[in-house]
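Mind looking over this structure? Questions follow.
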Amino acid sequence: MNREAACEAYRRLLAEYPVVDDRRHFLDFSNPFEALILTILSAQTTDRAVNAVRDTLFSRYPTPEALARAEPEEVEPLIRTIGFHHTKARYIVETARKLVADFGGEVPRTMEELQSFPGVGRKTANIVLSHAFEINVGIAVDTHVRRVSKRLGFTDSTNPNIIERDLVALFPEEAWRDINYLLIRHGRAVCTAQNPKHEQCIVADLCRYYRELRGGEEK
DNA sequence: ATCCCGAGGG
DNA sequence: CCCTCTGGAT
């Protein structure tokens with residue numbers, strides 16, 4: 001897909017899913033430490049579930065130092081409702097310990113350093129950088145971004161790294177932070193994995209997948 | 001039943 | 001590439 005068509009799709013998605021509006025329901029990323037921990041906890045879960053545990057978690061462990069002193073076993077009950085709590089309790093305690101031991105309690109601001117924390121892959125690191133630090137080094141690619149990008153024709157690949165490279169080349173840097181969010185919204189509401197709602201899709205006329213489907217059944 | 005703004009390990 | 005980890009919402 002060419003850049004003009006991609007940006008047209010971006011504009012329409014932005015109008016359909018207002019990002020500023022949606023951010024109210026997203027996680028509060030004002031504190032980098034909390035942002036890192038909450039983003040780790042967010043994996044394969046809803047932001048509602050994560051928001052439900054944030055107050056108890058951070059009132060008990062307000063700093064990296066406090067969380068570093070805890071044992072995963074005592075943190076686990078506090079985050080039981082988010083799922084994957086056994087693994088995630090270990091991730092966030094070890095993350096806090098590494099934060100204190102290697103970074104003086106300050107959350108680092110590079111992709112490489114962030115990905116050295118347990119539970120932080122490229123997707124999570126991208127989110128922390130772009131939302132907590134306003135640093136755009138790339139585009140966070142999750143399963144929704146992956147599916148929607150492939151269908152629309154933003155990329156031909158299924159490899160997340162190549163998808164990210166294609167998206168980065170396709171969109172201006174100002175759009176990087178929001179395209180992730182827009183594609184996720186669209187992926188959940190309309191461009192679903194099964195039975196996508198083509199009739200509700202605001203970018204159907206730009207969509208390679210939709211074009212192929214119609215071509216396949218009409219001729 | 002199915003899915004959720006994934007990452008680590010085999 | 002595959003599998004596992006998990007509870008909650010719908």
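Note that this is a predicted model, so its numbers are computed, not measured. A note on names: the letters A, B, ... follow the listed sequences, proteins ahead of strands, and every chain is numbered from 1.
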- Closest to the A43(A) side chain, choosing from dG6(B), dT10(C), dC1(C):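 The closest nucleotide is dG6(B).
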- Query: Would one find a side-chain N or O of T124(A) under 4.0 angstrom from OP1 or OP2 of dA7(B)?
  - Reply: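 The answer is yes; a side-chain N or O of T124(A) sits under 4.0 Å from OP1 or OP2.
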- Let me know the distance between CD1 of I40(A) and C1' of dA7(B), rounded to the nearest Å.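 Taking CD1 of I40(A) and C1' of dA7(B), I get 10 Å after rounding.
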- Message: In this structure, how many angstroms lie between the C1' atom of dC5(B) and the CG atom of D178(A), rounded?
- Response: 14 Å
- Should the pair R185(A) and Y17(A) be classed as cation-pi, given the thresholds of under 6.0 Å to the six-membered ring centre and 45° from the axis? no
- Message: Please report the distance separating the P of dC3(C) from the corresponding atom of dC5(B), rounded so that it comes out in whole Å.
- Response: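 Roughly 23 Å separates the two P atoms.
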- Message: With salt bridge (charged side-chain N to carboxylate O under 4.0 Å, His left out) as the criterion, how do R12(A) and E8(A) come out once you've worked through the C-alpha distance, each side chain's angles and the decisive distance to 0.1 Å?
- Response: CA-CA 6 Å; R12(A) 289 193 212 168; E8(A) 171 62 19; 2.8 Å; yes
- Note on the structure: Between CD of Q115(A) and C1' of dG6(B) the distance, given in whole Å, is 12 Å
- Q194(A) side chain, from C-beta outward: closest of dG6(B), dC4(B), dT2(B): dT2(B)
- In terms of the nearest nucleotide of DNA chain B, which residue is placed more toward the 5' end: V120(A) or T46(A)?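 Residue closer to the 5' terminus by nearest nucleotide: T46(A).
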- Message: Between dA7(B) and dG8(C), how far apart are the two P atoms, rounded to whole Å?
- Response: 23 Å
- Answer yes or no: is there a side-chain heavy-atom contact under 4.5 Å between N51(A) and R54(A)?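 Yes; the side chains approach each other to less than 4.5 Å.
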- Note on the structure: Across all chains, not counting sequence neighbours, the ring pair (Phe, Tyr, Trp, His ring centres under 6.0 Å) partners of Y61(A) are none
- Query: Given atom CD1 of I79(A) and atom C1' of dC5(C), what is their separation to the nearest angstrom?
  - Reply: 12 Å
- Query: Of all residues at least two apart in sequence or in a different chain, which pass the side chain to side chain donor-acceptor pair (under 3.5 Å) check with H144(A)?
  - Reply: R147(A)
- Task: Please tell me if the side chains of E106(A) and P64(A) come closer than 4.5 Å, counting only heavy atoms from C-beta onward.
- Result: no
- Item | Atom-pair distance (NZ on K123(A); P on dC4(B)), nearest Å |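 Nearest whole value for this atom pair: 12 Å.
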- Message: Below 4.0 angstrom, which residues in residues 83-100 of chain A have at least one non-hydrogen atom near DNA chain C?
- Response: G83(A), F84(A), H85(A), H86(A), T87(A)
- Phosphate contact (dC5(B) OP1 or OP2) by R188(A) side-chain N/O below 4.0 Å: yes
- Query: D142(A) CG to dC5(B) P: how many Å, rounded?
  - Reply: 9 Å
- Message: If I take atom CG in residue N161(A) and atom P in nucleotide dC1(C), what distance separates them, rounded to the nearest angstrom?
- Response: 12 Å
- Message: From CZ of R185(A) over to P of dC5(B), roughly how many Å is that when rounded to an integer?
- Response: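 Going from CZ in R185(A) over to P in dC5(B) covers 7 Å.
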- Using only side-chain N and O atoms of H144(A), determine if any of them is under 4.0 Å from OP1 or OP2 of dC4(B). yes
- Task: Measure the acute angle between the ring planes of F154(A) and F171(A), then classify it against the limits of 30° and 60° as parallel, tilted or perpendicular.
- Result: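 It falls in the perpendicular class, over 60°.
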